[in-house]
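When a ligand or atom number is given, it counts from 1 through the structure's own listing order.
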Amino acid sequence: MSEVVSYRREGEIGVISVNYPPVNALGQGVREGLQSCLREGLADDQAKALVVIGEGRTFPAGADIREFGKPPAGPALPDVINEYESSEKLVIAAIHGTALGGGLEVALGCDYRVALDSAKVGLPEVKLGLLPGAGGTQRLPRLVGAKAALDMIVGGNPVKAKNALQMGIVDDVVSGDLLEGALAYARKLVADKAPLRRIRDLDVQTEEADLFASYEKSIARKQRGFKAPFHCIKAVQAAVELPFEEGMKRERELFGELLVSSESAAQRHVFFAEREVAKVPGLPKDTPKREVNSVAVIGAGTMGGGIAMNFANAGIPVKILEVKEEALEKGIAIIRKNYENTAKKGRLTQEQVEQRMALIQPTLSYDDLGDVDVVIEAVFENMSVKEAVFNELDRVCKPGAILATNTSTLDVNRIASFTKRPQDVIGMHFFSPANVMKLLENVRGEKTADDVIATVMDLSRRIGKVGVLVGVCHGFVGNRMLHKRQAEAVQLVNEGANPAQVDKVLFDLGFPMGPFAMSDLAGMDVGYRIREELRKENPENAPARNWTDELVENGRMGQKTQAGVFDYKEGDRTPVPSAEVDKIIAKFREENGIATREVTDQEILERCMYVMVNEGAKILEEGIAARPLDVDVIWIYGYGFPVYRGGVLFWADQVGLKAIYDKVSQFHQETGDDVWKPAPLLEKLAKEGKGFYS
Ligand code: TC6
């Protein structure tokens with residue numbers, strides 16, 4: 001008798017019940033239990049039909065992802081499902097929660113499916129770099145047609161019960177008690193002498209002759225670098241072109257290829273890492289949280305407006321403060337325009353736009369902030385401006401209010417010292433555009449209280465962000481690593497590479513854009529202003545002038561002036577190499593006596609990436625990030641690092657830390673530059689033959 005699946009009878013219906021918290025994942029014990037309970041139900045003469053149901057929060061939410069990559073232990077899921085489909089008694093799946101992946105595949109092996117109205121069903125394997133390898137790619141097309149199956153399998157997004165009913169994935173939707181509903185449905189089938197309904201015996205409908213070729217074309221750009229979506233298409237094609245058994249074999253082959261692929265290993269790593277970042281080492285799970293029912297944002301600029309939208313989107317009232325009426329009105333108008341644009345695309349109703357706008361309350365007075373639970377400052381990056389803001393917040397905010405700063409580079413401890421309550425001060429570093437990017441670097445100051453950290457980590461989740469806790473240093477984790485990479489990219493051009501070449505190497509690695517397209521998007525003048533400040537304040541230690549300074553002084557600020565490192569046509573964000581820039585670079589090299597040489601793509605890759613790996617190792621040593629997975633999640637959600645490479649440090653492990661360490665040491669010897677001084681952690685791991693994750 002299995003511990004996690006049980007069999008009992010309710011009148012004339014046998015009930016197979018899965019109880020394997022948290023999500024009834026189809027681990028070995030569950031598979032074995034499903035098999036033995038089916039056999040028990042078939043042998044039970046009193047049972048006229050069988051119902052399969054999940055206890056707790058959901059019908060099985062998929063195969064047990066932790067088992068992938070380990071030696072397989074039988075019974076295999078496709079075989080278990082095959083037994084269900086071959087059953088001589090009617091089997092009905094009773095679905096609630098999220099019947100995903102292998103879970104939905106089990107349900108597709110049943111004759112009928114009844115779902116609770118709140119349930120969702122889907123085949124999200126593609127998001128783990130896999131395909132539904134237990135018959136999903138062969139059965140779903142037989143049920144809903146090839147095109148709809150492609151949308152679900154390649155897109156990986158679940159559908160709600162109501163839509164699943166319309167599509168024919170489920171046969172009935174019930175509300176209230178699912179088991180009662182499913183038993184009633186089963187009894188009716190028995191009374192009506194309903195026939196067995198094996199999906200494998202159905203024909204597949206295809207609507208378009210060149211469906212598969214055109215589907216592949218339609219996803220090519222968005223899914224660049226991913227392997228699984230293309231394998232999913234091939235598997236569905238097999239369902240159309242081959243008999244069921246052969247289609248199953250083809251599905252198995254394609255699944256096997258994906259299972260051992262580096263892409264899937266990386267995507268599975270990201271799945272767990274994304275969940276793991278929420279668990280802060282040293283912060284007990286039961287750390288109390290402060291109540292957050294209202295928020296205020298200081299500054300209605302691009303960042304402040306975007307931050308405020310997150311709270312309105314989550315139904316949390318948010319005040320937004322500016323000192324000048326004109327700036328406030330402008331900021332509010334931009335927020336409205338953003339919402340209206342979303343509504344135009346059909347992703348919000350006008351009513352929702354108004355609801356969200358109603359949650360955003362503009363104000364010109366700090367005195368209005370006395371009752372809010374959290375304040376996030378998003379003003380100009382200048383310490384004296386921050387000082388003035390935090391003095392005001394300390395004056396007006398109620399005791400226990402959390403005072404957060406959205407600074408991306410300044411010292412959070414110093415900012416905290418501007419108040420008499422440094423324990424309530426924390427960094428909440430949003431990434432631009434703040435209403436879109438999923439990353440939130442939460443910066444713990446020296447004195448930040450544990451309950452403030454717990455509250456802010458939880459608040460991140462409430463507003464749909466992935467919150468990662470980091471420590472205080474210049475640029476925190478993400479920008480600190482980024483700045484090193486950007487500096488290396490500029491230097492590579494100094495030495496003879498051209499900007500388009502550098503960008504292509506990183507684009508080809510899987511980044512959404514290269515370093516220079518990125519600085520054009522962000523605006524080149526921002527970095528320029530910071531460098532100029534430093535040059536004025538501290539000429540001895542200031543960054544040397546480089547060719548990007550010349551660009552800004554020639555009016556080339558980036559996309560906003562249609563000219564930066566690249567040229568841009570009006571209304572088009574495609575970077576076009578610029579002859580003018582080539583001239584400016586050549587002149588800069590000449591004036592500074594720089595002899596150029598050929599720079600290979602391999603060198604570009606190594607210098608731009610290894611410098612980040614080395615910095616990442618320093619960040620870990622210093623405890624600025626607690627674990628390698630925190631660094632990886634930051635790069636994936638803040639900078640678009642390709643998910644199928646698992647993050648900068650996961651990628652480094654694939655390359656091999658020994659090879660990286662050797663190169664880092666070589667660059668250090670050649671340049672004498674501190675940035676290339678090997679991080680002791682990198683050196684240690686390399687010498688021990690280990691990776692960041694081993
Ligand atoms: C597949 O089925 C392939 C089939 C072919 C076979 C041949 N396995 O997300 P949450 C854990 S591939 C193991 O925080 P939610 C999760 O790590 C699979 N563990 O909760 C977490 O653990 P922790 C296809 C799993 O309510 C806990 O459960 N299925 C699995 O926000 C709670 O998770 C999927 O891809 C799993 N399959 O969301 C579905 N799923 O507490 C993946 C979850 O120790 N899962 N855990 O941190 C999800 O999308 C979501 O977890 C959810 C629940 C919607 C089920």
### Query
Say you draw a straight line from CD1 of Ile95 to CD1 of Ile53; how long is it, rounded to the nearest 0.5 Å?
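Output value for this atom pair is 10.0 Å.
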### Query
What is the distance from atom CG of Leu165 to atom CG of Asp171, rounded to the nearest 0.5 Å?
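Going from the CG atom of Leu165 to the CG atom of Asp171 covers 8.0 Å.
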### Query
Using a threshold of 4.0 angstrom between heavy atoms of the protein and any atom of ligand 1, which residues qualify?
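For ligand 1, the contacting residues are Pro22, Val23, Ala25, Arg57, Ala61, Gly62, Ala63, Asp64, Ile65, Arg66, Phe68, Thr98, Leu100, Gly101, Gly102, Glu105, Pro124, Glu125, Leu128, Gly133, Arg252, Phe255, Phe271, Phe272, Arg275, Lys279.
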### Task
Verify whether the ring centers belonging to Phe692 and Phe650 lie closer than 6.0 Å.
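Phe692 vs Phe650: aromatic centres not under 6.0 Å.
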### Task
Please name the pair of heavy atoms, one in Ile634 and one in Tyr639, separated by the smallest distance, quoted to 0.1 Å.
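Heavy atoms of Ile634 and Tyr639 come nearest at O-CD1, 3.7 Å.
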### Query
Are the side chains of Leu38 and Leu42 in touch, meaning some heavy atoms are under 4.5 Å apart?
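Contact flag for Leu38/Leu42 side chains = yes.
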### Message
Under 3.5 Å, is there a donor on one side chain and an acceptor on the other for Glu263 and Gln267?
### Response
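Note: Glu263 and Gln267 side chains miss the donor-acceptor criterion.
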